[in-house]
Amino acid sequence: MSIEQGPPSILRSVFFERPADVVARELLGKVLVRNIKGMRIALTISETEAYLGPHDLACHAARGRTPRTEIMFGPPGTLYIYFVYGLHWMLNIVTGPKGYAAAVLIRAAGDFSGPGKLTRALAIDGALNGRRANLRSGLWIEDGDRVGKVLVTPRIGVGYAGSHWSARKLRFVLALAR
DNA sequence: GCAGTGATCATA
DNA sequence: ATGATCACTGCC
């Protein structure tokens with residue numbers, strides 16, 4: 001049996017240096033931690049989506065390397081944060097080897113359901129784009145408890161990607177504990 | 001169901 | 001420079 005001992009460990013880049021769908025699934029139950037001027041907020045991640053890489057037509061990197069997608073070509077564990085619909089910041093973490101543009105979108109954590117609401121609650125915006133998930137940036141991820149059942153569904157809001165890629169089951173949701 | 005909101009990118 | 005689009009949300 002495994003008893004958690006000592007301080008929780010912060011996920012390092014090796015965790016993120018794997019395919020986005022693997023990372024997305026394993027992020028469920030991990031703890032998203034935000035440190036804002038000494039105030040610490042810790043929320044269990046409950047919903048993620050994988051954006052697999054340039055071949056994934058729902059992934060921004062499918063449009064090639066642009067000023068915005070440049071960040072996704074960086075090392076695993078880099079924060080990729082972009083603005084959409086004129087209102088909302090989206091929180092992603094770059095996955096896979098450096099130079100391979102893939103990422104995981106964190107859609108929900110704690111009581112905050114919805115990617116825009118999550119970033120607003122944690123004061124996450126473009127200032128964190130390109131930073132790493134670590135203590136220095138004030139945003140990182142720690143180990144969590146074992147998770148129970150996981151729901152796997154198509155991703156939200158990617159109808160533009162065509163029937164194949166919009167249907168792929170790349171959204172991972174933590175089922176409620178019983 | 002759909003309007004709001006503004007960055008981003010393709011097109012020119 | 002212009003226009004379509006958008007990994008969303010909240011209100012109808």
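The basis for the numbers below is simple: all heavy atoms, side chains too, and nothing from hydrogens, waters or symmetry mates. Predicted model, so just to flag it, every value in this text is computed and none were measured. Chain letters run A, B, ... following the sequence lines, proteins first, then strands; residues in each count from 1.
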Which atoms form the tightest heavy-atom contact between A/Gly53 and A/Cys59, and what is the distance?
-> O-CB, 3.5 Å
Residue pairs, two or more places apart or on separate chains, that pass salt bridge (charged side-chain N to carboxylate O under 4.0 Å, His left out) and touch residues 10-32 of chain A = A/Arg18-A/Glu26
Once you round it to whole Å, what is the distance between P of B/dT8 and CD1 of A/Ile81?
-> 13 Å
Residue pairs involving residues 94-117 of chain A (criterion salt bridge (charged side-chain N to carboxylate O under 4.0 Å, His left out); sequence neighbours excluded) = A/Glu47-A/Arg107, A/Glu49-A/Arg107
The complete set of salt bridge (charged side-chain N to carboxylate O under 4.0 Å, His left out) pairs with one or both residues in residues 31-44 of chain A, sequence neighbours excluded, reads A/Arg40-A/Glu142
So, the side chain of A/Thr69 versus the backbone of A/Met72: is there a donor-acceptor pair under 3.5 Å, distance only?
-> no
Here the gap from A/Asn92 atom CG to A/Leu105 atom CG, rounded to the nearest 0.5 Å, amounts to 5.0 Å
All pairs passing ring-ring contact (aromatic ring centres under 6.0 Å, His included) where residues 27-55 of chain A contributes a residue, at least two apart = A/His55-A/Trp165
Note: A/Ala101 and A/Ala61 closest approach over all heavy atoms is CB-CB, 3.4 Å
Can you list, by residue number, the residues of residues 65-80 of chain A that have a non-hydrogen atom closer than 4.0 angstrom to DNA chain B?
-> A/Thr66, A/Pro67, A/Arg68
Which other residues end up in the same hydrophobic cluster as A/Val14, if Ile, Leu, Val, Met, Phe, Trp and Tyr are linked when side-chain heavy atoms come under 4.5 Å apart?
-> none
Go through DNA chain C in 5' to 3' direction and return only the first and the last nucleotide with some atom under 4.0 Å of chain A's heavy atoms.
-> C/dC6 to C/dG10
Only counting residues at least two apart or in another chain, list the ones meeting salt bridge (charged side-chain N to carboxylate O under 4.0 Å, His left out) with A/Arg120.
-> none
Any residue of residues 41-61 of chain A with a heavy atom less than 4.0 Å from an atom of DNA chain C | A/Tyr51, A/Ala58, A/His60
Can you check the A/Tyr85 OH to B/dA7 P distance for me, whole Å?
-> 16 Å
Least distance between heavy atoms, A/Tyr80 atom then A/Val94 atom | CB-CG2, 4.1 Å
A/Ser137-A/Arg132 side chain donor-acceptor pair, cut-off 3.5 Å | no
Can you sort out which residues in residues 15-31 of chain A have a heavy atom within less than 4.0 Å of DNA chain C? Ascending by number, please.
-> none
Return one dot-bracket line describing DNA chain C 5' to 3' (Watson-Crick or G-U wobble pairs, both distances under 3.5 Å; ( ) same strand, [ ] crossing, | another strand, . none).
-> ||||||.||||.
Can you name the nearest heavy-atom pair linking A/Ile71 to A/Leu79, along with the distance?
-> CG2-O, 3.5 Å
Between B/dG6 atom P and A/Tyr82 atom OH, what is the distance in whole Å?
-> 18 Å
What salt bridge (charged side-chain N to carboxylate O under 4.0 Å, His left out) pairs are there with at least one residue in residues 79-96 of chain A, not counting sequence neighbours?
-> none
What pair of heavy atoms forms the shortest contact from A/Thr119 to A/Gly116, and how long is it?
-> OG1-O, 3.0 Å
